[in-house]
Each structure stands twice: as structure tokens, then as C-alpha cells.
There are 2 protein chains.
Amino acid sequence: MVELDRCEINCIHDEAVKAVRQALFGEDVAVSLAELFKALGDPTRVKILFSLMTRELCVCDLTAVIGISESAVSHQLRVLRTLRLVKFRREGKILYYSLADDHIEKLFAQGLDHVTEDKAEKNEE
Amino acid sequence: MVELDRCEINCIHDEAVKAVRQALFGEDVAVSLAELFKALGDPTRVKILFSLMTRELCVCDLTAVIGISESAVSHQLRVLRTLRLVKFRREGKILYYSLADDHIEKLFAQGLDHVTEDKAEKNEE
DNA sequence: GTTATATATGAACATCTGTTCATATGTACT
DNA sequence: AGTACATATGAACAGATGTTCATATATAAC
């Protein structure tokens with residue numbers, strides 16, 4: 001947190017700023033949160049996660065479901081693994097991926113809520 | 001949806017793929033969801049939104065709270081506005097921004113859940 | 001050991017993203 | 001009209017991101 005005791009500009013509501021700054025979580029939390037959402041912020045990864053909401057799948061299955069290269073899927077799975085959004089179990093040569101926990105489903109549900117509500121609101125496109 | 005009647009590779013679980021493909025939402029929904037999450041996937045925007053969870057603030061306030069340039073804040077507010085995550089009201093020259101609806105708070109709550117749970121799990125860093 | 005299959009990974013490259021800087025818009029006041 | 005202030009916006013540029021291609025693992029079967 002950069003401690004700016006007073007900003008040059010003068011339209012500032014001092015008490016509000018002070019209060020909010022105190023309520024604001026730390027830089028690390030903001031970054032972690034952003035990383036999580038960023039991981040969810042790609043169509044390919046959204047499809048992967050949504051696919052895994054139905055059942056566990058191997059990399060090949062995901063390739064077939066989503067329709068992109070195995071390498072691309074694998075790379076994206078790594079991102080999701082790093083952020084603990086998916087886990088996997090090995091069975092011979094095949095790796096079965098599944099969702100790491102149920103947070104993702106709840107996040108998706110909330111997200112879909114917002115998206116569909118938007119669609120209804122603007123009523124077009 | 002690209003209709004690939006059969007993939008060349010042969011580790012595929014046909015029924016699973018078929019079932020998941022049918023359950024999978026359309027390309028447009030995936031993209032919309034990804035766009036929403038992508039908007040939440042940046043530390044600056046996370047801070048802006050979290051700040052607005054406390055109370056409505058003008059651009060200057062946000063600049064002071066977060067500690068980045070007014071222009072940067074303004075650009076990010078545009079992103080958030082476009083995705084209907086924030087709204088604003090004018091009072092003279094000052095624009096007061098606030099959260100567009102309560103979805104964001106719920107999304108943040110879920111996200112924080114995941115992040116803090118992760119932290120506890122790996123128990124380090 | 002070799003070969004085949006399933007997946008992972010590194011490098012390369014084009015595209016996207018966020019900030020900065022300069023400039024424009026809109027509102028209030030004189 | 002003009003000036004000042006709050007915010008928006010466009011261009012530019014560095015850094016991040018996602019895919020492809022080639023190559024490397026890991027397991028199974030021979």
C-alpha cells in the first residue's frame with residue numbers, strides 16, 4: 001500500500017477514501033483474486049471447466065468435446081491445475097481430470113446469472 | 001459447434017464425449033462468461049470493485065484509494081461499465097460510481113473462499 | 001531393450017491488455 | 001464569451017496470453 005498522505009487533486013472525499021482504504025484487502029489478496037478470475041476468463045478454459053462439471057474426462061475427451069488441439073488443452077489444463085481448479089488421477093496412460101472443488105460450480109452459476117440477466121436487460125444482440 | 005463425427009485419436013470415451021457435448025452451453029455463452037471473468041481478472045479492477053463494495057466513490061476517490069493514475073482508473077471503469085459491472089450518477093462535474101448489482105459481491109465472496117482455502121491448503125508462501 | 005500411445009512442455013509468434021501521455025469532452029462559474 | 005475542474009478517450013508501447021509446432025516424458029505391451 002502506497003501511503004499518500006494527501007493527493008494533489010482536490011475533489012477527494014477524504015473520509016470516504018480513508019474508510020475504503022482501511023476496508024480494502026491487501027495487494028496479495030487482490031492479486032490472488034485477479035489470478036483466479038483471470039483463469040476463468042478464457043473461453044477455452046470455461047469450456048474445459050464446464051465439461052468437467054458433467055463428469056471427469058481425459059485429455060483426449062476434452063479435445064474431442066471442445067474441438068481444439070490436444071496441446072492447447074494440455075497447456076490450459078496446466079493453468080487450471082496451477083490454480084487448483086482441477087485435479088487428476090492416473091489410470092494407465094490416461095489422465096482423468098475433474099474439478100478440484102465445488103467453488104467453480106458456484107462461481108459459474110453466479111457468472112451465468114449475471115450474463116443472462118444482462119442479455120435480458122439489453123434485450124438484443 | 002464443430003461437428004466432428006469421429007476423432008482420429010482413439011483413447012476417446014465416445015458416450016462421455018457425446019453426453020458432455022450435449023450438456024455444454026453454446027459458444028456465445030462461453031464467450032460471455034469468459035468476458036465477465038476476464039473483467040474481474042485484473043488487480044486494478046478487483047481493487048476498484050472491492051472499493052465500490054464499501055460505498056459509491058468518484059473517480060478521484062478511486063485514484064486516491066488505489067494509488068494509480070486517474071486515466072488508468074477511467075480506462076478500467078470503462079471496461080467495467082461496458083460489462084455492466086458498475087454504474088454511475090452525475091452530480092455537477094463529479095461522477096459517482098457504484099456497483100451495478102449484487103452479483104459482484106457474491107462472485108467476490110466465492111472467489112475469496114477459493115483463494116483463502118488454497119492458501120490454507122498449501123500452507124505457505 | 002523397442003514401439004506405441006497419452007499427455008506434457010518449451011520455443012516461437014501473433015494477438016490482446018494495461019498503462020502512460022496528450023488531448024478532448026462536459027459541467028460550473030465568472 | 002472565457003477559465004477551471006472532473007472525467008473520458010485515442011494513440012502508442014511494453015508486457016502478457018493463447019495457440020501451434022516440435023520435442024520430451026510416462027506408461028503399457030511386446
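Naming: A, B, ... by sequence-line order, numbering from 1 per chain.
Between V20(B) and D61(A), every side-chain heavy-atom pair lies at or beyond the 4.5 Å cut-off. Side-chain contact between L52(A) and S98(A) is absent, with no heavy-atom pair separated by less than 4.5 Å. Annotation: side chain of I68(A) is not in contact with side chain of L62(A) (no heavy-atom distance under 4.5 Å).
Partners of R81(B) by side-chain contact (heavy atoms from CB on, under 4.5 Å), not counting sequence neighbours, listed by chain and number: R78(B), V86(B), F88(B), Y97(B). A16(B) pairs by the side-chain contact (heavy atoms from CB on, under 4.5 Å) definition with R55(A), L57(A), H13(B), not counting sequence neighbours. Evaluation of the side-chain contact (heavy atoms from CB on, under 4.5 Å) rule for R89(A) yields E56(A), E91(A), Y96(A) as partners, not counting sequence neighbours. Take S69(A) and apply the side-chain contact (heavy atoms from CB on, under 4.5 Å) test, not counting sequence neighbours, and it matches S71(A), A72(A).
One interatomic measurement links the two molecules: CG of L77(B) to P of dT7(D), which rounds to 10 Å at whole-angstrom precision. Atom-to-atom, CG of L80(A) to P of dG18(D) comes out at 10 Å; the value is rounded to the nearest Å. Distance CZ (F88(A)) to P (dA6(C)): 17 Å, rounded to an integer number of Å. Rounded to whole Å, atom P of dT27(D) lies 9 Å from atom CG of L95(A). The distance between atom CZ of R78(B) and atom C1' of dA6(D), rounded to the nearest whole Å, is 17 Å. In this structure, the NE2 atom of H13(A) is 14 Å from the C1' atom of dC5(D), given to the nearest Å.
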Taking only N/O atoms, report every protein-nucleotides 23-30 of chain C pair under 3.5 Å with atom names and distance.
none

Heteroatom pairs (N/O) under 3.5 angstrom, protein to nucleotides 16-19 of chain C:
from    : atom 1 : to     : atom 2 : distance (Å)
dT17(C) : OP1    : K38(B) : NZ     : 2.9
dG18(C) : OP1    : R45(B) : NH1    : 3.2
dG18(C) : OP1    : R45(B) : NH2    : 2.7
dG18(C) : OP2    : R45(B) : NH1    : 3.3
dT19(C) : OP1    : T44(B) : OG1    : 2.6
dT19(C) : OP2    : Q76(B) : NE2    : 2.4

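Residues from residues 48-59 of chain A placing a heavy atom under 4.0 Å of any atom in DNA chain C, listed by number, are C58(A), V59(A).
The side chain of Y97(B) contributes an N or O atom lying less than 4.0 Å from OP1 or OP2 of dA8(D). Dashed line: the shortest gap from a side-chain N or O of R81(B) to OP1 or OP2 of dA8(D) is under 4.0 Å.
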Donor-acceptor contacts, no H, no angles, side chain residues 102-110 of chain A, under 3.5 Å, sequence neighbours left out:
from    : atom 1 : to      : atom 2 : distance (Å)
H103(A) : ND1    : D101(A) : OD1    : 3.4
H103(A) : ND1    : H114(B) : ND1    : 3.4

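Annotation: salt bridge (charged side-chain N to carboxylate O under 4.0 Å, His left out) contacts involving residues 37-46 of chain A, sequence neighbours excluded, are absent. A ring-ring contact (aromatic ring centres under 6.0 Å, His included) check over residues 48-82 of chain B, counting only residues at least two apart or in different chains, returns the pairs F25(A)-F50(B).
Under a 3.5 Å cut-off, the side chain of S74(B) and the backbone N or O of E70(B) do not form any donor-acceptor pair.
Put simply, the side chain of S71(B) and the base of dT9(D) share a donor and an acceptor less than 3.5 Å apart.
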